[in-house]
Visitor: 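If you scroll down you'll find the structure; I have some questions about it.
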Amino acid sequence: HPCGSKQAEWLTPEYLIDAVCEATEKGGDTISPDEARQLFAMRHAKDFRDAPDQKVTRRGGIPYLLPVGWYRFPLAVNGKHGGDDGWLGNGDAAKEWAVAFHGTGL
């Protein structure tokens with residue numbers, strides 16, 4: 001798996017927040033841990049590093065594969081685009097958007 005196994009317990013939501021703060025500082029700006037937490041919808045964060053099966057569904061009319069082998073940290077986008085969050089649905093409705101993931105090496 002790209003992120004290793006669950007033995008790598010350092011990969012946590014708090015690690016992500018610390019990394020965001022550090023990267024922002026290296027870029028010449030600052031962000032508090034509380035501000036960084038507001039960027040993510042941590043209630044939807046999930047560890048798929050040891051997920052047993054690849055489940056295929058459809059999102060926005062496009063096949064959607066769970067990010068098996070990765071830890072998902074979703075961005076907080078509810079209510080930020082005109083108030084209608086139907087595009088965030090997960091039932092493959094016509095107005096839903098496809099889902100994308102970005103992974104980086106550690």
Side-chain angles (χ1 to χ4, degrees):
H1 295 296
C3 293
S5 70
K6 281 196 175 186
Q7 294 175 6
E9 289 301 326
W10 56 269
L11 186 58
T12 64
E14 283 308 309
Y15 176 86
L16 173 70
I17 298 307
D18 290 344
V20 167
C21 292
E22 182 179 329
T24 303
E25 187 174 306
K26 285 182 180 179
D29 206 344
T30 60
I31 187 171
S32 74
D34 286 337
E35 291 170 319
R37 278 186 202 88
Q38 291 176 21
L39 298 173
F40 298 92
M42 290 301 189
R43 70 184 178 279
H44 298 296
K46 184 163 178 163
D47 188 348
F48 289 99
R49 289 176 289 167
D50 289 332
D53 298 320
Q54 181 57 269
K55 181 180 176 186
V56 180
T57 60
R58 296 185 74 76
R59 297 284 297 271
I62 305 294
Y64 168 72
L65 304 170
L66 290 176
V68 170
W70 296 87
Y71 198 123
R72 177 180 70 194
F73 294 110
L75 297 173
V77 295
N78 287 46
K80 297 189 182 199
H81 300 284
D84 179 6
D85 289 335
W87 63 280
L88 292 171
N90 62 3
D92 199 32
K95 64 181 170 180
E96 288 178 17
W97 287 22
V99 175
F101 291 96
H102 172 72
T104 60
L106 299 174

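When reading the values below, keep in mind they use all heavy atoms of this one structure, side chains included, and skip hydrogens, waters and symmetry mates. Positions are given from 1, in the same order as the sequence printed here.
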Visitor: To the nearest 0.5 Å, how far apart are CD in Glu14 and CG in Asp18?
Guide: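 If I round to the nearest 0.5 Å, the distance is 6.5 Å.
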
Visitor: I'd like to check Leu66 versus Lys46 (side-chain heavy atoms, cut-off strictly below 4.5 Å). Are they in contact?
Guide: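 SC-SC contact between Leu66 and Lys46 ruled out.
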
Visitor: Minimum heavy-atom separation for Ile31 and Val20, please, with both atom names.
Guide: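 Smallest interatomic distance, heavy atoms only, reads CG2-O, 4.2 Å.
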
Visitor: I would like to know whether Tyr64 and Val56 meet side chain to side chain contact (heavy atoms under 4.5 Å, CB included); could you show each step before the answer?
Guide: CA-CA 6 Å; Tyr64 168 72; Val56 180; over 6 Å; no

Visitor: Whether the side chain of Arg37 engages the backbone of Ile17 through a donor-acceptor N/O pair (distance < 3.5 Å, no angle test) should be reported.
Guide: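 Not at all, since once roles are kept as given, no pair shorter than 3.5 Å links the two residues.
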
Visitor: Looking only at non-hydrogen atoms, find the nearest pair between Phe73 and Ala45 and report the distance.
Guide: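 That would be CD2-CB, 4.3 Å.
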
Visitor: Taking all non-hydrogen atoms of both residues into account, name the closest pair between Arg72 and Pro74 and its distance.
Guide: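 Here Arg72 and Pro74 meet closest at O-CD, 3.6 Å.
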
Visitor: Any idea which heavy atoms bring Arg49 and Tyr71 closest together, and the distance?
Guide: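 Scanning both residues, the minimum pair turns out to be NH2-CD1, 3.9 Å.
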
Visitor: Just wondering, more than 12 heavy atoms not from Glu25 lying within 6.0 Å of its CD?
Guide: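 Not buried by this count: 12 neighbours or fewer within 6.0 Å.
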
Visitor: With a 4.5 Å cut-off on side-chain heavy-atom distances among I, L, V, M, F, W and Y, is there a chain of contacts connecting Val77 to Leu39?
Guide: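 Yes; Leu39 is reachable from Val77 via cluster members.
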
